[in-house]
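What follows is one structure encoded as structure tokens, with my remarks underneath.
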Amino acid sequence: MELAANANLTHVALADHDTLDGLARARSAAEELGLGFIPAVELSVDHNSTKIHMLVYFLEPEDGPLQSRMADLLAGRTIRNMQIIRNLNEIGYDISLSDVERHAKGPSVGRPHIADALVERGYFASRNEAFADLLRDGGRVYVERDRLTAKDAMSLARQSRAVPVIAHPITMGLNRFEYADTFRELKELGLGGIEAYYPSHSPELREHLAGVARDLSIAATGGSDYHGMEKREYRVGIGTGDLHVPELAVQELHDQLNR
């Protein structure tokens, strides 16, 4: 939250994977610094056999339809992590679940933390190398896990008074025409926004996606996808230096709450 304030942001969202832990502390810190705070979560969902990351904004850490399903998602993560570690052990990589959990420092444990454990043991020089060789989708030790469908995730989000947004669309591997068709279909299922302003999106793609959002009357959102100072080059609020998320994005998200 201090990094967000130092970047002169007016609003900040915390969106960890499959968990709402940390929201209370983050909200308190943001309020002390005069920042508008948006509670959120990031989910991995499936849509027509394509894996999509979905941000769910305004999801509060309380009882609700989506909140109750997230316990199952975390349990599925644990089962998957244990199988990946067994796969690694079988081909000669000596790491344990406790090695991995030490890097996660919280309940949401995943492949990035397995990569960090491998780096710590000296097997790889970086997280990216571990993914490229072993952990990437379809890699030697990769294990699928259960996911909500995009339709179910958006339905549960709306029932929980929250707004579902597609995260970093560039990872979907679509062209300009496919973006429009896919997001039009998802809007009919409850989609509330597109993360247009993202560090690895070109300026042209950012504006194109914002235009698609405008055409669909949904929010054009953005974020720096900050994962920690040592994890990647993205910095809070500015990405790699040229990211600017318009203030209008916050109002557009609020507008979606009543739809």
### Query
Under a 4.0 Å N-O cut-off, is there an ion pair linking Asp137 with Arg111?
yes
### Message
Closer than 4.0 angstrom, basic N to acidic O: yes or no for Arg176 and Glu204?
### Response
no
### Message
Within a 6.0 Å radius of atom CZ on Arg25, are there more than 12 heavy atoms belonging to other residues, nucleotides or ligands?
### Response
no
#### Entry: Flag, side chain of Thr182 to backbone of Tyr179, donor-acceptor distance under 3.5 Å
no
### Task
Determine, step by step, whether Ile79 and Val143 satisfy the side chain to side chain contact (heavy atoms under 4.5 Å, CB included) criterion, reporting the C-alpha distance in whole Å, the side-chain angles of both residues, the deciding distance to 0.1 Å, and the verdict.
CA-CA 10 Å; Ile79 294 169; Val143 175; over 6 Å; no
### Query
Looking only at heavy atoms, what is the nearest atom pair of Met1 and Ala29, with distance?
CG-CB, 3.7 Å
### Task
List the atom of Leu209, the atom of Ala196, and the distance in Å for their closest heavy-atom pair.
CB-CB, 3.7 Å
### Task
Report yes or no: does Asp21 contribute a side-chain atom to a donor-acceptor pair with the main-chain N or O of Pro107 at less than 3.5 Å?
no
#### Entry: Exam field: side chain Arg136 to backbone Ala132, donor-acceptor pair closer than 3.5 Å
yes
### Verify same cluster id: Leu97, Leu74 (apolar side-chain graph, 4.5 Å)
no
### Message
Membership question, hydrophobic clusters at under 4.5 Å side-chain separation (ILVMFWY): are Leu59 and Met154 in the same one?
### Response
yes
### Query
Which heavy atom of Arg206 sits nearest a heavy atom of Leu243, and at what distance?
NH1-CA, 3.9 Å
### Query
Around atom CG of Asp72, are there more than 12 heavy atoms of other residues, nucleotides or ligands at under 6.0 Å?
yes
### Task
Assign the ring pair His254 / Phe58 to parallel, tilted or perpendicular, where the plane angle (0 to 90°) is split at 30° and 60°.
tilted
### Message
Checking the side chain of Glu252 only, and the main-chain atoms of Ala220 only, is there a donor and an acceptor separated by less than 3.5 Å?
### Response
yes
### Task
Could you give me the CA-CA distance, side-chain angles and deciding distance for His17 and His53, then say whether ring-ring contact (aromatic ring centres under 6.0 Å, His included) is met?
CA-CA 10 Å; His17 290 263; His53 280 194; 5.6 Å; yes
### Contact check, side chains of Tyr142 and Asn87, non-hydrogen atoms, under 4.5 Å
no
### Message
Measuring only between side-chain heavy atoms, which start at C-beta, is Leu14 closer than 4.5 Å to Phe37?
### Response
yes
### Message
My understanding is that only residues two or more places apart in sequence, or in another chain, count here; which of them pass side-chain contact (heavy atoms from CB on, under 4.5 Å) with Asp16?
### Response
Thr19, Ser108
#### Entry: Test item: Gln256 side-chain N/O and Leu253 main-chain N/O as donor-acceptor pair under 3.5 Å
no
### Query
Just wondering, do Tyr197 and Thr221 contact through their side chains at under 4.5 Å, heavy atoms?
no
#### Entry: Close side-chain approach of Arg27 to Pro39, heavy-atom, < 4.5 Å
yes
### Nearest-0.5 Å distance, CG of residue Leu205 to OH of residue Tyr198
12.0 Å
### Message
Can you tell me how far apart CG (Asp46) and CG (Leu148) are? Round to the nearest 0.5 Å.
### Response
10.0 Å
### Query
Distance from Leu135 atom CG to Arg140 atom CZ, nearest 0.5 Å?
10.0 Å
### Query
Sub-3.5 Å donor-acceptor pair from the side chain of Asn89 to the main-chain atoms of Ile95, do we have one?
yes
### Task
Measure the shortest side-chain to side-chain distance between Leu174 and Asp181 over non-hydrogen atoms and say whether it is less than 4.5 angstrom.
no
### Query
Is Leu216 reachable from Val163 through a run of I, L, V, M, F, W or Y residues, each pair having side-chain heavy atoms under 4.5 Å apart?
no
### Query
Pro199 and Gly239: which non-hydrogen atoms are nearest, and at how many Å?
CG-CA, 3.7 Å
### Task
Please check if atom NZ in Lys151 has more than 12 non-hydrogen atoms from other residues, nucleotides or ligands closer than 6.0 Å.
no
### Task
Mark yes when over 12 heavy atoms from residues, nucleotides or ligands other than Arg69 sit less than 6.0 Å from its CZ; otherwise mark no.
no
### Task
Determine whether Val141 and Met82 fall in the same hydrophobic cluster, where Ile, Leu, Val, Met, Phe, Trp and Tyr are linked whenever their side-chain heavy atoms lie under 4.5 Å apart.
yes
### Query
With distance as the sole criterion, is a donor-acceptor pair present between the side chains of Ser96 and Asp99 under 3.5 Å?
yes
### Task
Please assess His201 against His208 for the test side chain to side chain contact (heavy atoms under 4.5 Å, CB included), listing each intermediate value before the final yes or no.
CA-CA 10 Å; His201 290 172; His208 174 69; over 6 Å; no
### Spatial distance of atom CD1 (Ile166) from atom CE (Met172) [nearest 0.5 Å]
6.0 Å
### Query
For the residue pair Leu35 and Ala5, what are the closest heavy atoms and their distance?
CD1-N, 3.9 Å
### Query
Passes side-chain hydrogen bond (donor to acceptor under 3.5 Å, both in side chains), Asn6 versus Glu2? Steps please.
CA-CA 6 Å; Asn6 291 339; Glu2 290 177 354; 5.9 Å; no
### Query
Less than 4.5 Å apart, any side-chain heavy atom of Leu134 and any of Leu118?
yes
### Message
Checking side-chain polar atoms at under 3.5 Å, does Arg86 have a donor or acceptor matched by the opposite partner on Gln83?
### Response
yes
### Query
Does a side chain donor of either Gln67 or Asp63 reach within less than 3.5 Å of an acceptor in the other side chain?
no
#### Entry: Separation of Ile114 CD1 from Tyr93 OH (nearest 0.5 Å)
13.5 Å
### Query
Distance from Arg147 atom CZ to Thr149 atom OG1, nearest 0.5 Å?
12.5 Å
### Message
Check whether Arg127 reaches the backbone of Val119 with its side chain - one donor and one acceptor, N or O, closer than 3.5 Å.
### Response
no
### Task
Go through the steps to decide whether Leu189 and His47 satisfy the test side chain to side chain contact (heavy atoms under 4.5 Å, CB included), and finish with yes or no.
CA-CA 11 Å; Leu189 299 176; His47 181 64; 4.2 Å; yes
#### Entry: Heavy-atom closest contact (Arg77 atom, Gly110 atom, distance)
NH1-CA, 3.4 Å
### Test item: Asn48 and Glu185 side chains (from C-beta on) under 4.5 Å apart, heavy atoms
yes
### Message
Applying side chain to side chain contact (heavy atoms under 4.5 Å, CB included) to Val12 and Ile38, what does each step give before you reach the verdict?
### Response
CA-CA 6 Å; Val12 62; Ile38 301 174; over 6 Å; no
### Query
Looking at side-chain heavy atoms only, is the closest gap between Ile218 and Ile194 below 4.5 Å?
yes
### Task
Report yes or no: do Leu66 and Val45 belong to one cluster of Ile/Leu/Val/Met/Phe/Trp/Tyr joined by side chain heavy-atom distances under 4.5 Å?
yes
